[in-house]
Amino acid sequence: MASRANDQSQASRNGLKGKVLTLDTMNPCVRRMEYAVRGPIVHRALELEQELRQGVKKPFTEVIHANIGDAQAMGQRPITFFRQVLALCVYPKLMSSPDFPEDVKRRAERILQACGGQSLGAYTISSGIQLIREDVAQYIERRDGGIPADPNNIFLSTGASDAIVTVLKLLVAGEGRARTGVLIPIPQYPLYSAALAELDAVQVDYYLDEERAWSLDIAELRRALCQARDRCCPRVLCVINPGNPTGQVQTRECIEAVIRFAFEEGLFLMADEVYQDNVYAEGSQFHSFKKVLTEMGPPYATQQELASFHSVSKGYMGECGFRGGYVEVVNMDAEVQKQMAKLMSVRLCPPVPGQALLDMVVSPPAPSEPSFKQFQAERQEVLAELAAKAKLTEQVFNAAPGIRCNPVQGAMYSFPRVQLPPRAVQRAQELGLAPDMFFCLCLLEETGICVIPGSGFGQQEGTYHFRMTILPPIEKLRLLLEKLRHFHAKFTKEYS
C-alpha cells in the first residue's frame, strides 16, 4: 500500500493523475465473481462471429450458441397472444384495429387501467402492479390444487435472478465463522456462486448424485452441512427443480425429505422453480415446494420459511428479454418482509412490459375466449418439440463412446459427462486451463459450437462435463449433436 501511495505521489508531482479505481482498489468481491454462462468461451465465440463477418476462413460457416437458455435466439417463435396484448399495451391506438381479437383488446385494457396514467411507461409500486400480483396468486392457487396464495406475499421482479439475489441479500450477515453459509447444488446455475461471491457469503457445496440421474441425497446434504459448520453459519438451502444444468425433476418424496431436513436444521429454503413448465420424461411430475410444504401440515406448513421463484424467460414462453418474474415468500417474518419491500424500492420497480407479460403467462386465454385455440396449439407445439429434443440429445450422446448423458427429465439443458485422455488433461494444465474448458475451446475453434464447460457449474473432482442447451431447431440440433460426437472421437484419438 505504501508503495502504491508513493507511486501516486510521484505521478502527482509529474503532473499525472493516477486512477482512483483500479484492480487493486476496486471491490474485491466483484473481482472474485465468475459467471460461466457468459464467460471467456462466450467472448471467444463473439470474436469468431466477428471474424466470419470479416471474411476470415474457418472450418465452419456459423457459430452456434448452445451455451445459454435463450429460446427465441435459437429460433423459437413467440406465443401470438402474448405479443398481441403487448403490442396493444405499448401502442394503444392499435385497439381500433380489426387485426386483434376482442379478448386481446380486453386484456390490454385491463392491464393499462392498472398502470399509472394508463401507460406502460409509468413507474409501478416497487413490489409490482397489484392487479398482476393478484393474478399471480390465483395462478399459484390453481397450480397447487386450491392452496391459497396471498398477493401481499408476492413480489414481482426483474426475472427470477433479481429476486434470488434480493432474498440472498436479506439472509447474508456475520463475519468470520459467523458468516452466512448457503448450501447450493453442484452442479449449480452460476448465478448462485456469483451472487455469493459478490455478497461475501460462504458457498457450501452439496453434490447431486450423477449415478442416480442427478438425484438429491439427504445424507449428502447432511455431510455438506456438518463440514460447513466449522467455517461458517449455514442458514440457507437452495434447490433448483427442475434442475439447471442437470435437467432432473425431483420426486415428491425427495421434496418432503428436503423440507424436513431444512426444518430440523433451521435453514431458510430457496426453491428455484423457473423450469416448472419444462417436464418431459414419462413418470416425472413437477411438485412445487409451496404445495408440498402446505400439505405436510404443521409444524412444517406453519413454520418453515420458504421463498420460491418463477420467470417468463423459460417454460414454453422463452421471453428472456422482457425480464419478468416473481418470488412468493412463505412464513417470512413480517418485519423482515417490510425490509424486503424497502430493499426492492431502491430499484424503483421491475420493467413494466415484463410485468404485463407475466400477467399473460399466469392468466392465459380461457377455453371460452377467441385466442384460446391458437394459444393452446402453440404452447403444446413448443413443449412437444422440447420433449423430442430432450430425448434425441440423450440418445445421440449415449450412442457415442466416451460420452454419457443422464435422461433430460426437464428444464432445457443436457449435462453430459465426457472422458478426456490423460494427454489432453496434461495439455490443458500446461495452458493453465481446466481440462473441460480446453475441450470446449477446441470444440468451438473447430466446429463453431459454443457450449459451457462443467467446471463453470461445479462437478465431482476428476469428472468432466459440459452444459448444452436443447433449444436449437430439431434438425440443427441433430447436426450439432453429430458434429459434437465426431469431434469428441477425433479429440480422443488426437490426444491418446
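At least one donor-acceptor pair closer than 3.5 Å links the side chain of R467 to the backbone N or O of N67. T246 contributes no side-chain N or O that, together with a main-chain N or O of P187, makes up a donor-acceptor pair within less than 3.5 Å. At distances below 3.5 Å, not a single donor-acceptor pair connects side-chain atoms of S414 with backbone N or O atoms of P416. A donor-acceptor pair under 3.5 Å is absent between the side-chain atoms of Q276 and the main chain of H310, judged by distance alone.
Side chain to side chain, R142 and Q138 fail the donor-acceptor criterion of an N or O pair below 3.5 Å. E210 and Q460 share no side-chain donor-acceptor pair at under 3.5 Å. A donor atom on one side chain and an acceptor atom on the other are found under 3.5 Å apart for E49 and H65. There is a side-chain donor-acceptor pair under 3.5 Å between Y192 and D272. No donor-acceptor contact under 3.5 angstrom links the side chains of R347 and T158, judged on distance only. Between the side chains of D205 and Q203, at least one donor N or O lies within less than 3.5 Å of an accepting N or O. No donor-acceptor contact under 3.5 angstrom links the side chains of R423 and Q426, judged on distance only. Side chains of S371 and E369: no donor on one and acceptor on the other come within 3.5 Å. With hydrogens and angles left out, the side-chain atoms of Y207 and D209 include no donor and acceptor closer than 3.5 Å. For the residue pair S313/E319, the side-chain donor-acceptor check at 3.5 Å is not satisfied. Side chain to side chain, T80 and E378 meet the donor-acceptor criterion of an N or O pair below 3.5 Å. Judged purely by distance below 3.5 Å, without hydrogens or angles, the side chains of Q419 and H488 never pair a donor atom with an acceptor atom.
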Run the numbers on R44 and E51 for salt bridge (Lys or Arg N to Asp or Glu O under 4.0 Å), then give the verdict. CA-CA 10 Å; R44 179 56 187 150; E51 290 172 19; 3.2 Å; yes
Start with the C-alpha distance between E198 and K169, add both sets of side-chain angles, then the distance that settles salt bridge (Lys or Arg N to Asp or Glu O under 4.0 Å), and finish with yes or no. CA-CA 10 Å; E198 180 187 0; K169 283 180 178 178; 5.7 Å; no
Salt bridge (Lys or Arg N to Asp or Glu O under 4.0 Å), that's the test. Do E381 and R77 meet it? Break it down for me. CA-CA 11 Å; E381 181 184 0; R77 293 189 303 276; 3.6 Å; yes
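Salt-bridge annotation for E385 and K391: absent, with no side-chain N of the basic residue lying under 4.0 Å from a carboxylate O of the acidic one. Under 4.0 Å is where a charged nitrogen must lie from a carboxylate oxygen, and between R427 and E494 no such pair does. For R252 and E256, the salt-bridge test passes: some basic side-chain N is under 4.0 Å from an acidic carboxylate O.
Counting only heavy atoms from C-beta outward, the side chains of R323 and S161 approach each other to under 4.5 Å. Residues K291 and I140 are not in side-chain contact: their nearest non-hydrogen atoms beyond the backbone lie 4.5 Å or more apart. Counting only heavy atoms from C-beta outward, the side chains of Y316 and N278 never approach each other to under 4.5 Å. Put simply, the side chain of F289 reaches to within 4.5 Å of the side chain of I255, judged on heavy atoms. Residues F82 and F375 meet the side-chain proximity criterion, which asks for heavy atoms closer than 4.5 Å. Within the 4.5 Å cutoff, the side chain of K389 has no heavy atoms near those of the V408 side chain. E328 places none of its side-chain heavy atoms less than 4.5 Å from the side chain of V136. In this structure, M360 and F81 have side chains that are in contact, with non-hydrogen atoms separated by less than 4.5 Å.
Figure legend: R235 and F268 shown without cation-pi pairing, the cationic atom not lying both under 6.0 angstrom from the six-membered ring centre and within 45 degrees of its axis.
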Output a table of donor-acceptor pairs, distance under 3.5 Å, between side-chain atoms of residues 431-439 and any protein atom two or more places apart or on a different chain; print 'none' if there are none.
from	atom 1	to	atom 2	distance (Å)
D436	OD1	S455	OG	2.8
D436	OD2	G454	N	3.3
D436	OD2	S455	N	3.0
D436	OD2	Q459	NE2	2.6

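The two residues A45 and L444 make their nearest non-hydrogen contact at N-CD2, 3.8 Å. P234 and L183 get closest at one heavy-atom pair: CB-CD1, 4.0 Å.
Every residue meeting the side chain to side chain contact (heavy atoms under 4.5 Å, CB included) condition with S496, not counting sequence neighbours, appears here in chain and number order: P421, T492.
With rounding to the nearest 0.5 Å, the separation of OH in Y495 from NZ in K490 is 10.5 Å.
For the ring pair (Phe, Tyr, Trp, His ring centres under 6.0 Å) with F466, the lone residue among F457, Y413, F397 that qualifies is F397.
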